[in-house]
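First up is the structure itself, then whatever we jot down about it.
Chain A is the first sequence line, chain B the second, and so forth, proteins listed ahead of strands; every chain is numbered from 1.
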2 protein chains.
Amino acid sequence: MIMLKKVMLKKMGTSTQRMNKSDLKLIAVLERTGGFASAQELHQILRREGDGIGLTTVYRALQSLVDDKIVDLLRREDGEAIYRLCGDTHHHHLVCKSCGDTVEIEGGAIEKWAKTMAEEFGFRDVGHTAEIFGICSKC
Amino acid sequence: MIMLKKVMLKKMGTSTQRMNKSDLKLIAVLERTGGFASAQELHQILRREGDGIGLTTVYRALQSLVDDKIVDLLRREDGEAIYRLCGDTHHHHLVCKSCGDTVEIEGGAIEKWAKTMAEEFGFRDVGHTAEIFGICSKC
DNA sequence: TTGGAAATGATAATCATTTCCATTTTTGTG
DNA sequence: CACAAAAATGGAAATGATTATCATTTCCAA
């Protein structure tokens, strides 16, 4: 798994902490399933496969992966958290409120806007979040 | 209240149902507070003002306003539902990660970006969120 | 081997949101 | 005005995701 290696390197490089077994399991499932999945769903998948991992550990691993920017956290329409492996580039999302379909989009304008605004108000060390949601053409 | 009238007409026009007292109360609070608010917060505000409205009713009224597209439903980062009047020109925030100070900023570039992206991918009925985080000059 | 730190997972707690249901208010009609 | 039907209301309990607690287990360096 090329992706898995890349991800591991990324984490080892940016953090002093090692990646633990649970983190790896979660990454593997997310890779395999491809799309989004909630913590509950990921837990069920692992259980179904005979893994005795606890729900608590799933939440903890996901949280740590999100902190390390290895996994993206988004929200379903009902507010439930859903997770997905990040790509390497910083991107934003266009999410369908109805079917959950997601498109990764360019955010050049946003980067510029964030930078400009931060400068104007004397902020430093800035980051930003930006998401667009609507109804996709299929729905 | 010009806005209030406009909103009422909109509702009466698109629905056979009349707008009830609770709906009006919620709209009034949302107008007054201007920004976003969660159901719990709206309930507290009304209670604080001596209104004995029940939490259930607040949720019901908000749901109905959302159905009638009078109110937008968004999500906080933690998944809690937040509501705002549709058509409000909304602003974005520049938040200091250290002291919590917040500046309301213009988001013209974002609005345009969101619209462009949505069109490009065939999405309709779109909204967006965008926040900038950083360290302010005082910190 | 061993001592301590990190990881784990069952259970309980938390919190927003929904569901249920009995009561109250509103509405239309004679 | 009176009255029955319909709509609205709100308290309490249920639900479901997420988080906190804590005792136990695993890992690893010395």
[atom1] of [X] versus [atom2] of [N]: gap in Å, rounded?
X	N	atom1	atom2	value
Arg60(A)	dG9(C)	CZ	C1'	7 Å
Asp23(B)	dT26(C)	CG	P	14 Å
Ile53(B)	dG11(D)	CD1	P	11 Å
Leu55(A)	dA20(D)	CG	P	14 Å
Arg76(B)	dT17(C)	CZ	P	9 Å
Asn20(B)	dA8(D)	CG	C1'	7 Å
Leu42(A)	dG9(C)	CG	P	15 Å
Glu77(A)	dA17(D)	CD	P	16 Å

Between the main-chain N or O of [Y] and the side-chain N or O of [X], is there a donor-acceptor pair closer than 3.5 Å?
X	Y	answer
Arg124(A)	Ser137(B)	no
His128(B)	Glu111(B)	no
Asp78(A)	Glu80(A)	yes

Quick check: on DNA chain D, is the nucleotide nearest Gly52(B) upstream (toward 5') of the one nearest Asp78(B), or the reverse? Name the residue that is more 5'. Gly52(B)
Using the closest heavy atom to pick a nucleotide of DNA chain C for each, name whichever of Arg47(A) or Tyr59(B) lands nearer the 5' end. Arg47(A)
DNA chain C: Lys21(B) or Ser38(B), which has the more 5' nearest nucleotide? Ser38(B)
In this structure, which one of Arg76(A), Arg48(A), Arg47(A) forms a salt bridge (Lys or Arg N to Asp or Glu O under 4.0 Å) with Glu41(A)? Arg76(A)
Closest non-hydrogen atom pair between Leu30(B) and Arg84(B), with its separation: CD2-CA, 4.3 Å
Between Glu49(A) and Arg32(A), is the salt bridge (Lys or Arg N to Asp or Glu O under 4.0 Å) condition met? List the steps. CA-CA 13 Å; Glu49(A) 293 172 358; Arg32(A) 189 140 36 78; 2.9 Å; yes
Taking 4.0 Å as the cut-off, does a side-chain nitrogen or oxygen of Thr57(A) come that near to OP1 or OP2 on dG9(C)? yes
Measure the spacing between NZ of Lys21(A) and OG1 of Thr57(A) and express it to the nearest 0.5 Å. 11.5 Å
Listed nucleotide nearest any side-chain atom of Gln40(B), set dG10(D), dA16(C), dA17(D): dA16(C)
I'd like a table of atom pairs between the protein and nucleotides 12-15 of chain D - only N or O on both sides, under 3.5 Å - with the distance next to each one.
{"residue": "dA12(D)", "atom": "N6", "partner": "Thr56(B)", "partner atom": "OG1", "Å": "3.4"}

